[in-house]
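Since the structure comes first, as structure tokens, the remarks are kept for the end.
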Amino acid sequence: MVKKIAPDKWRHFYTGILMGLLLQILLPLFFTSIATATFIVLFLVIIISYGFELFSLITGFGHYDFMDAVASVLGGLAGMGLVLFFQIW
């Protein structure tokens, strides 16, 4: 049985792609090493994705769902990978 992915997870995934793209483009401008910038971008993507969900849990604004954070991080990895392909090439 194939389970369908909920539309809100796709929104988080696309937002993660945009976040990963932008951070991966901008952070290497401030660091000499692409590897250092990539680790910092990965850390920021994880912190922002889960931090937003924690903010929703603590304040009651929005809906807390850990899988939303997972979808955002996966999207962030996809965005980072796309930019890294061209940065390393």
Side-chain angles (χ1 to χ4, degrees):
M1 176 186 285
V2 176
K3 200 168 188 187
K4 230 177 154 183
I5 298 173
D8 72 312
K9 303 299 184 267
W10 284 111
R11 281 193 298 269
H12 284 275
F13 182 75
Y14 295 139
T15 303
I17 289 175
L18 183 61
M19 182 172 42
L21 280 169
L22 290 175
L23 289 174
Q24 190 64 41
I25 288 170
L26 293 176
L27 253 60
L29 300 175
F30 301 106
F31 296 96
T32 56
S33 170
I34 290 179
T36 302
T38 301
F39 284 119
I40 293 172
V41 169
L42 177 62
F43 180 73
L44 287 174
V45 165
I46 293 169
I47 293 299
I48 292 169
S49 298
Y50 191 64
F52 181 75
E53 294 302 319
L54 280 179
F55 178 78
S56 297
L57 177 67
I58 292 169
T59 63
F61 295 125
H63 175 71
Y64 171 79
D65 186 4
F66 179 73
M67 292 310 290
D68 288 347
V70 171
S72 296
V73 170
L74 290 175
L77 287 172
M80 288 171 58
L82 187 64
V83 174
L84 271 173
F85 176 76
F86 293 104
Q87 285 178 337
I88 294 175
W89 188 272

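What's counted below: heavy atoms across the whole structure, side chains too, no hydrogens, waters or symmetry copies. Counting begins at 1 with the first residue of the sequence.
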| message | Nearest 0.5 Å, please: how far is OG1 in T15 from CD1 in I48? | response | 12.0 Å
| request: Of all the heavy-atom pairs spanning D68 and E53, show the shortest one and how long it is. | output: CB-OE2, 3.3 Å
| query | If you look at every heavy atom in F66 and Y64, which pair is closest and at what distance? | reply | CB-OH, 4.2 Å
| message | Grouping I, L, V, M, F, W and Y whenever their side-chain heavy atoms are under 4.5 Å apart, do L84 and I40 come out in a common cluster? | response | no
| D65 CG to L57 CG distance, which is reported to the nearest 0.5 Å | 11.0 Å
| field | Test item: S72 side-chain N/O and F13 main-chain N/O as donor-acceptor pair under 3.5 Å | value | no
| Say you draw a straight line from CG of D8 to CD1 of I5; how long is it, rounded to the nearest 0.5 Å? | 11.0 Å
| query | Closest heavy-atom contact between L82 and L21? | reply | CD2-CD2, 4.0 Å
| query | Can you get from F39 to I47 by hopping between Ile, Leu, Val, Met, Phe, Trp and Tyr side chains that sit under 4.5 Å apart? | reply | no
| said: Restricting to non-hydrogen atoms, name the atom on L23 and the atom on V41 that form the minimum distance, rounded to 0.1 Å. | reply: O-CG2, 3.5 Å
| Euclidean distance, L27 CG relative to L22 CG, rounded to 0.5 Å | 11.0 Å
| Smallest separation among heavy atoms of S49 and M19, with atom names | OG-CE, 3.5 Å
| request: Please report the closest heavy-atom contact between Q24 and I34, naming both atoms and the distance. | output: NE2-CG2, 4.5 Å
| field | F52 and H12 aromatic ring geometry - parallel, tilted or perpendicular at 30°/60° bounds | value | tilted
| request: Flag yes if V45 and F55 sit in one hydrophobic cluster, no otherwise; membership is Ile, Leu, Val, Met, Phe, Trp, Tyr, and two members link when side-chain heavy atoms are under 4.5 Å apart. | output: no
| task | With rounding to the nearest 0.5 Å, note down the distance linking CG in L26 to CG in L44. | result | 11.0 Å
| said: Let me confirm one number: the CE-CG distance from M80 to L42, rounded to the nearest 0.5 Å. | reply: 5.0 Å
| Is there a path from L18 to Y50 through hydrophobic residues (I, L, V, M, F, W, Y) whose side chains come within less than 4.5 Å of each other? | no
